[in-house]
Q: 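The structure under discussion is supplied below as structure tokens; questions concerning it will follow.
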Amino acid sequence: MATSERYEPHDFEQRWAQTWVSEAAYAVPDNPGGRRKRFVMEMFPYPSGDLHMGHVENYTIADAMARYWRMRGFMVMHPMGYDAFGLPAENAAIKRGVHPHEWTLSNIDKMRSSFIRLGYSYDWAREVISCEPDYYRWNQWIFLQMFQRGLAYRSTSPVNWCPVDKTVLAKEQISTGVCWRCGTEPEIRDLTQWFLKITDYSDRLLDDMQGLEWAESILTQQRNWIGRSEGAEVVFKLKVDGSDEVHDFPVFTTRPDTLWGATFFVLAAEHPAAAEMVSGTEHEAEFTKFVDEVRRQSEMERVGGKDKSRGMRLPAVAINPVNGEEIPVWAADYVLMGYGTGAIMAVPAHDQRDFDFARAHDIPIRVVVQPEGQSLAADEMTEAAAGTGVLAESGEFTGTKVDPSTQEGIVDVIAWLSEQGKGKRRINYRQRDWLVSRQRYWGTPIPIIFCDSCGEVPVPYEDLPVQLPEQADYGATEDAVSPLANNEEFVNAPCPKCAKPAKRETDTLDTFFDSSWYFLRYCDPKNDKHPFNPGKVAKWGPVDNYFGGVEHAVMHLIYARFFTKFFKDMGLVDFDEPFMRLFNQGHVSWAGKEMSKSTGHVIEASATIDEYGADSARTFILFSSPPEADYDFPADGYGEIGRVAHSWLARVWRILENVSDEPVPDDLNSQVHRSVKAVTADMEDFGLNTAIAKMMELINAFYKRSGPVPRAAAEVFLKLLAPVAPFITEELWHRYGNEGSIHQQRWPTYDESLAELSKVTMVIQVNGKVRDKVEVAPDVTKEQMQQLALDSEKVKSYLNGNDPLKVISVPPKLVNVVVK
RNA sequence: GCGGGCGUGGCGGAAUGGUAGACGCGCAGGAUUUAGGAUCCUGUGGGCUAAGUCCCGUGGAGGUUCAAGUCCUCUCGCCCGCACCA
């Protein structure tokens with residue numbers, strides 16, 4: 001006799017969760033063998049505390065898909081790890097006196113147990129924690145490999161320095177303009193720091209995008225970030241007032257065709273040449289003040305600020321190579337040291353930013369490209385004319401048509417410049433080398449020793465890891481250096497080459513370094529001889545499906561692509577791209593604001609799980625919005641989260657708890673096949689919210705019939721639901737008396753002919769507006785449809801006895817009769 | 001400022017250029033009871049109405065099309081990124 005129990009998820013969810021862990025239910029071997037492999041992973045989390053509902057969204061989407069693919073017959077590797085170095089651990093240490101390592105690991109423990117409670121199908125044996133020496137030693141190994149190949153080098157770069165706390169400040173720590181701890185205005189200090197030569201890979205990073213199944217918007221953002229532009233390098237000569245010396249000064253321009261319109265020359269404010277030419281003159285004080293202001297600004301403020309006039313006249317002239325003209329030299333904030341040569345020729349008539357600057361300082365404007373059919377006069381212009389046109393006042397090129405979008409005319413100017421020795425073709429990139437030095441404690445020590453005799457000496461591989469010392473101060477240093485500099489024991493080391501006393505590098509690596517290769521470590525997480533075994537990576541790599549937010553569109557995703565190409569060059573991997581398919585899930589916010597542990601603005605996952613169960617949390621978050629869309633939890637009533645899904649799962653439980661052994665009747669069978677077809681199509685398209693909606697329809701169909709649901713139909717439903725709600729489906733599956741896990745079952749198939757409806761609604765439109773509807777067989781012909789439409793009384797009333805102008809039939813759904 | 005997105009009922013959202021609002025929440029009326037985290041039935045975009053397969057309706061303004069939430073142009077609003085948060 002059938003028993004009846006209420007849906008009490010807590011009774012069985014934790015039992016199954018523990019079973020899956022203890023039986024390593026989702027472990028996969030190093031070699032998937034003959035099975036089709038699928039490497040599925042999510043961007044690993046920063047362990048800031050317990051999981052919040054934003055995490056639940058990200059990881060549930062990926063887990064549901066991983067479970068679906070497993071049921072589709074793939075051998076799925078689904079690993080998890082923790083991006084465990086970083087600023088918040090140090091902040092917590094400074095504020096609360098807990099060691100970053102301790103703080104981080106306790107957060108990891110909380111997150112791991114929430115992952116387990118949520119039933120995520122991870123292979124726990126592959127877990128990676130980036131702050132542990134068995135991981136970061138390989139960061140050091142990779143860094144040294146890059147160093148040996150000339151891809152890691154040192155150069156000067158400014159940092160923000162708090163003179164009170166005596167520490168380098170991250171941008172986030174001065175988001176209010178002052179130091180987050182003491183409120184002091186930061187100073188700018190120049191430090192010698194480590195860079196990676198990612199620009200060597202710019203072209204490959206661009207070219208290889210074509211093989212990626214990523215959203216076009218992400219690829220576009222990457223393209224724009226790399227910012228390849230074709231143009232010319234043109235050599236101007238610079239003459240400083242009161243000096244006879246003339247220096248060559250190249251500039252990069254995408255519009256060499258407008259050279260004849262250059263009316264001034266601009267150096268980046270921080271260009272050393274600018275400082276040099278005012279040094280010892282009456283302009284020096286004013287200039288120093290100006291540069292100081294500019295350097296305090298972010299790049300965004302500099303380039304995008306409202307004030308388009310910030311600049312200062314320098315005591316020099318530049319000589320235009322195409323006409324020998326002497327033009328004034330300025331320093332301005334809108335020219336960046338890091339782009340091109342740090343100097344530009346300014347053509348106000350044909351560049352908007354130059355135009356704004358020229359107008360602000362009464363610098364002459366000269367039109368040298370006349371747009372077709374126009375005759376622009378400089379003093380009447382209200383904006384620059386950056387488009388196509390015909391060259392004017394441009395020497396022998398006067399009359400030449402130029403088009404920046406096709407390079408028409410421009411290539412001819414470049415060829416001429418080369419011939420004349422005045423310039424040459426050049427491709428410039430917006431992308432800059434990657435600054436990886438951080439003046440922080442909680443990161444990977446950079447494995448270099450500085451020796452007075454031998455210079456930059458790599459720590460020998462056999463001495464890795466350079467262990468991060470256990471020390472208690474993470475803040476103040478005497479000068480703008482890393483807190484590790486306070487640790488004498490760490491700093492002093494013999495030179496590996498000559499054995500004389502030497503000093504270690506005290507900077508640590510940017511945490512983006514850690515996340516640039518962790519997916520490879522998942523393939524071989526315990527290797528203590530190498531970062532990974534190439535044979536193992538060859539079996540599982542590259543990642544087939546990567547899940548993560550759009551906020552990583554450029555930096556992380558470009559850095560990981562760069563590392564992969566570097567490993568390819570080393571012969572360690574046999575693929576060029578790390579992530580074949582990328583899925584960008586939406587952002588989850590609450591009351592319009594991003595959830596953040598540090599501000600306490602979070603909806604913690606465990607609260608929802610405690611109250612309604614893990615299946616409810618999963619189902620709710622997947623049903624609430626399409627996976628790629630942002631979702632904002634309402635400001636009030638968030639405590640009700642999960643109730644909606646819980647009551648539906650309770651309904652599923654009531655309807656399917658008891659099943660019958662009768663065969664599935666035809667009409668129900670047809671509905672089941674239709675549901676399988678629809679849900680499968682949605683799953684293939686990551687349409688988890690609509691897939692759940694279609695499961696709801698099937699449950700409603702089950703409910704409408706009287707008596708218990710036939711077991712065969714119920715089991716099909718459970719398999720459809722299994723990726724979304726793994727616990728209730730496993731529980732009912734076992735209650736039906738099945739052996740083994742439902743999650744090892746194959747995804748149900750459907751029969752197209754059974755899935756078909758016997759009747760469909762045909763809509764009859766007149767001039768595109770619905771006027772009538774009739775039921776037709778799905779294989780109705782166009783002729784039959786037309787006849788039905790013309791027979792409609794409704795249509796006849798619009799025709800008034802006339803013939804229709806046109807009849808359009810879309811079998812079997814729609815006929816449109818065009819009248820009058 | 002530059003680059004990339006998104007705008008549909010009271011709410012989350014659904015719609016290969018082809019019935020706008022699937023599915024669900026909420027709300028209203030009702031039923032029932034083992035009073036539960038109940039359950040079930042009916043209704044639910046707006047307007048006018050005696051009645052309508054009547055009119056209006058997908059941020060706004062134009063356009064293309066037999067047909068536009070969907071395609072095009074312009075525009076407004078919001079979100080993400082912009083190189084030391086990750």
Side-chain angles (χ1 to χ4, degrees), chain A residues 6-7 43-46 48 83 85-88 91 157 159-160 168-175 215-218 220-221 223-225 227 298-306 308 334 338 353 430-432 434-440 510-512 514-515 549-556 558 584 586-587 589 592 594 596 598 611-612 623-626 628-634 640 643-648 650-651 654 687 689-690 692-697 700 703 761-773 794 804-808 810 813-819:
Chain A
R6 281 187 41 204
Y7 172 56
M43 291 179 186
F44 64 170
Y46 179 79
S48 55
D83 190 9
F85 273 136
L87 192 59
N91 291 348
S157 188
V159 295
N160 289 296
V168 172
L169 297 169
K171 207 168 80 176
E172 191 185 63
Q173 294 172 316
I174 50 163
S175 55
E216 201 49 48
S217 63
I218 302 286
T220 302
Q221 285 185 66
R223 258 181 228 113
N224 293 340
W225 177 269
S298 72
E299 204 165 290
M300 234 185 300
E301 289 166 329
R302 286 179 63 162
V303 181
K306 280 249 182 319
K308 310 278 192 196
Y334 77 96
R353 197 60 187 79
R430 202 184 74 98
Q431 183 176 41
R432 306 197 284 265
W434 173 12
L435 170 60
V436 292
S437 286
R438 297 293 181 271
Q439 294 72 39
R440 295 194 197 297
D510 179 5
T511 55
F512 276 125
D514 313 1
S515 55
V550 281
E551 68 273 20
H552 292 292
V554 280
M555 302 172 72
H556 161 59
I558 284 189
N584 301 111
H587 251 234
S589 55
E594 182 156 10
S596 147
S598 59
E611 200 167 3
Y612 299 107
F623 183 60
S624 301
S625 78
E628 69 281 7
D630 294 344
Y631 179 74
D632 188 42
F633 278 99
E640 299 287 287
R643 203 200 74 245
V644 170
H646 182 275
S647 53
W648 181 66
R651 181 173 161 85
R654 277 196 304 279
N689 58 326
T690 48
I692 293 168
K694 280 151 196 172
M695 292 178 215
M696 288 173 168
E697 289 178 17
N700 292 345
Y703 179 78
T761 303
M762 183 186 97
V763 170
I764 301 172
Q765 296 182 333
V766 176
N767 290 343
K769 286 193 185 315
V770 179
R771 297 301 178 190
D772 206 353
K773 292 174 188 179
K794 199 77 197 173
L805 291 179
K806 203 171 175 185
V807 181
I808 289 131
V810 185
K813 284 181 357 193
L814 177 138
V815 181
N816 188 14
V817 182
V818 186
V819 303

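The structure displayed is predicted, hence computed values, not measured ones. Below, chain A is the first sequence line, B the second, and so on; all start at residue 1.
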Q: Under a 3.5 Å limit for both distances, which nucleotide forms a Watson-Crick or G-U wobble pair with B:rA31, could you say?
A: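 Pairing partner, where one exists within any strand: B:rU39.
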Q: Is there a side-chain contact between A:Val159 and A:Gln439, using heavy atoms and a 4.5 Å cut-off?
A: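 Touching, per the 4.5 Å side-chain cut-off.
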Q: Report yes if a donor N or O on one partner sits less than 3.5 Å from an acceptor N or O on the other, where the partners are the side chain of A:Arg440 and the base of B:rC84; otherwise report no.
A: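 Yes, the side chain and the base share a sub-3.5 Å donor-acceptor pair.
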Q: Describe the nucleic acid contact of A:Val763 in one word from base, sugar-phosphate, nothing, applying a heavy-atom distance below 4.0 Å.
A: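 Base, at least one base heavy atom under 4.0 Å.
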Q: Considering only side-chain heavy atoms of A:Tyr46, which listed nucleotide, B:rA20, B:rC80, B:rA86, is closest?
A: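 Closest nucleotide to the A:Tyr46 side chain: B:rA86.
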Q: Applying a 4.0 Å non-hydrogen cut-off, can you work out what A:Ile218 is touching in the nucleic acid: base, sugar-phosphate, or nothing?
A: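 Counting heavy atoms under 4.0 Å across all strands, no contact is made by A:Ile218.
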Q: Does A:Ser589 reach a base, just sugar-phosphate, or nothing at all? Heavy atoms under 4.0 Å.
A: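 Touches nothing.
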Q: Taking OP1 and OP2 of B:rA86, is either one under 4.0 Å from a side-chain nitrogen or oxygen of A:Thr511?
A: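 Affirmative; the distance criterion is met.
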Q: Across all strands, who's sitting opposite B:rG57 as a Watson-Crick or G-U wobble pair, both distances under 3.5 Å?
A: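 Per the H-bond distance test, none.
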Q: Using a heavy-atom cut-off of 4.0 Å across all strands, would you classify A:Asn224 as base, sugar-phosphate, or nothing?
A: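 Sugar-phosphate, backbone atoms only, no base.
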Q: Take atom C1' in B:rU58 and the same atom in B:rC71, then report the distance between them in whole Å.
A: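 That atom pair is separated by 16 Å.
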Q: Measuring from atom CD of A:Gln431 to atom CG of A:Asn224, what distance do you get when rounded to the nearest 0.5 angstrom?
A: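 So the CD of A:Gln431 and the CG of A:Asn224 are separated by 12.5 Å.
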Q: Using the side-chain heavy atoms of A:Ser647, tell me which of these nucleotides is nearest: B:rU39, B:rC85, B:rA83.
A: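 Among B:rU39, B:rC85, B:rA83, the one nearest the side chain of A:Ser647 is B:rU39.
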Q: In Watson-Crick or G-U wobble terms, both distances under 3.5 Å, what is the partner of B:rU44?
A: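 WC or wobble partner is B:rG26.
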Q: When both hydrogen-bonding distances must be under 3.5 Å and the geometry is Watson-Crick or G-U wobble, what is B:rC84 paired with, if anything?
A: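 Its partner is none (no Watson-Crick or G-U wobble pair with both distances under 3.5 Å).
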Q: Hey, does the side chain of A:Arg438 come within less than 4.0 Å of B:rC84's phosphate (OP1/OP2), counting only N and O?
A: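 So the side chain of A:Arg438 is within the cut-off, an N or O lying under 4.0 Å from OP1 or OP2 of B:rC84.
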Q: From C-beta outward on A:Lys806, which listed nucleotide comes closest to its side chain: B:rC66, B:rG37, B:rC25?
A: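 Minimum distance to the A:Lys806 side chain belongs to B:rC66.
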Q: Does A:Asn767 make a side-chain N or O approach to OP1 or OP2 of B:rA67 shorter than 4.0 Å?
A: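 The answer is no; no side-chain N or O of A:Asn767 sits under 4.0 Å from OP1 or OP2.
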Q: Considering only side-chain heavy atoms of A:Arg654, which listed nucleotide, B:rU39, B:rC23, B:rA86, is closest?
A: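 Of B:rU39, B:rC23, B:rA86, B:rU39 is nearest to the side chain of A:Arg654.
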Q: Identify whether any heavy atom of A:Trp648 sits under 4.0 Å from a base atom; if not, whether one sits that close to sugar-phosphate; answer base, sugar-phosphate or nothing.
A: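 Result for A:Trp648 = nothing.
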Q: By the 4.0 Å heavy-atom rule, please label A:Tyr703 as base, sugar-phosphate, or nothing.
A: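 Counting heavy atoms under 4.0 Å across all strands, the contact made by A:Tyr703 is with sugar-phosphate only.
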Q: Looking at every strand, decide which applies to A:Pro45 at a 4.0 Å heavy-atom threshold: base, sugar-phosphate, or nothing.
A: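 Since no nucleic acid heavy atom lies under 4.0 Å of A:Pro45, the category is nothing.
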Q: Now, which nucleotide makes the Watson-Crick or G-U wobble pair with B:rA51, with each of the two distances under 3.5 Å?
A: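 None - no nucleotide pairs with B:rA51, as no candidate has both distances under 3.5 Å.
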Q: Could you please name the option among B:rU19, B:rC84, B:rG81 that lies closest to any side-chain atom of A:Val554?
A: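 For the A:Val554 side chain, the nearest candidate turns out to be B:rG81.
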Q: Measuring to OP1 and OP2 of B:rC54, would you say a side-chain N or O of A:Lys794 lies under 4.0 angstrom away?
A: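 Affirmative; the distance criterion is met.
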Q: Using a 4.0 Å heavy-atom cut-off, does A:Tyr631 contact any base of the nucleic acid, only the sugar-phosphate backbone, or nothing at all?
A: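 The residue A:Tyr631 makes sugar-phosphate contact but no base contact.
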Q: Round to a whole Å and report the spacing from CG of A:Asp630 to P of B:rG7.
A: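 Spelled out: CG on A:Asp630 to P on B:rG7 is 10 Å.
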Q: Any base atoms under 4.0 Å from A:Gln765, or only sugar-phosphate, or nothing? Heavy atoms, all strands.
A: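 Base contact.
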Q: With syn defined as a glycosidic angle within 90° of 0 and anti as the rest, where does B:rG9 land?
A: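 Glycosidic conformation of B:rG9: syn.
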Q: What contact category does A:Asp772 fall into here, base, sugar-phosphate, or nothing, at under 4.0 angstrom with non-hydrogen atoms?
A: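 It contacts base atoms.
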Q: Which nucleotide wins on minimum distance to the side chain of A:Glu172, given the candidates B:rC25, B:rC85, B:rU19?
A: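 Selected nucleotide: B:rC85.
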Q: Please determine if a side-chain N or O atom of A:Arg651 lies less than 4.0 Å away from the OP1 or OP2 oxygen of B:rC40.
A: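 Checking B:rC40 against A:Arg651, a side-chain N or O does come within under 4.0 Å of OP1 or OP2.
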Q: With the side chain of A:Leu814 defined as its heavy atoms from C-beta on, choose the nearest nucleotide among B:rG18, B:rC41, B:rG13.
A: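 The answer is B:rG18, which lies nearest to the side chain.
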Q: Does B:rC6 have a Watson-Crick or wobble mate here (both distances under 3.5 Å), and if so which one?
A: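 Per the H-bond distance test, B:rG77.
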Q: Can you tell which of B:rA83, B:rG18, B:rC40 lies closest to the side chain of A:Arg430?
A: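 The nucleotide sitting nearest to the side chain is B:rA83.
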Q: Give a yes/no on whether any side-chain N or O of A:Asn700 is located under 4.0 angstrom from OP1 or OP2 of B:rG24.
A: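 Checking A:Asn700 against B:rG24: at least one side-chain N or O falls below 4.0 Å of OP1 or OP2.
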Q: Given that both distances must come in under 3.5 Å, which nucleotide forms a Watson-Crick or G-U wobble pair with B:rG18?
A: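 Result: B:rC66.
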Q: Under 4.0 Å between a side-chain N/O of A:Lys694 and OP1 or OP2 of B:rA22, yes or no?
A: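 Negative; the distance criterion is not met.
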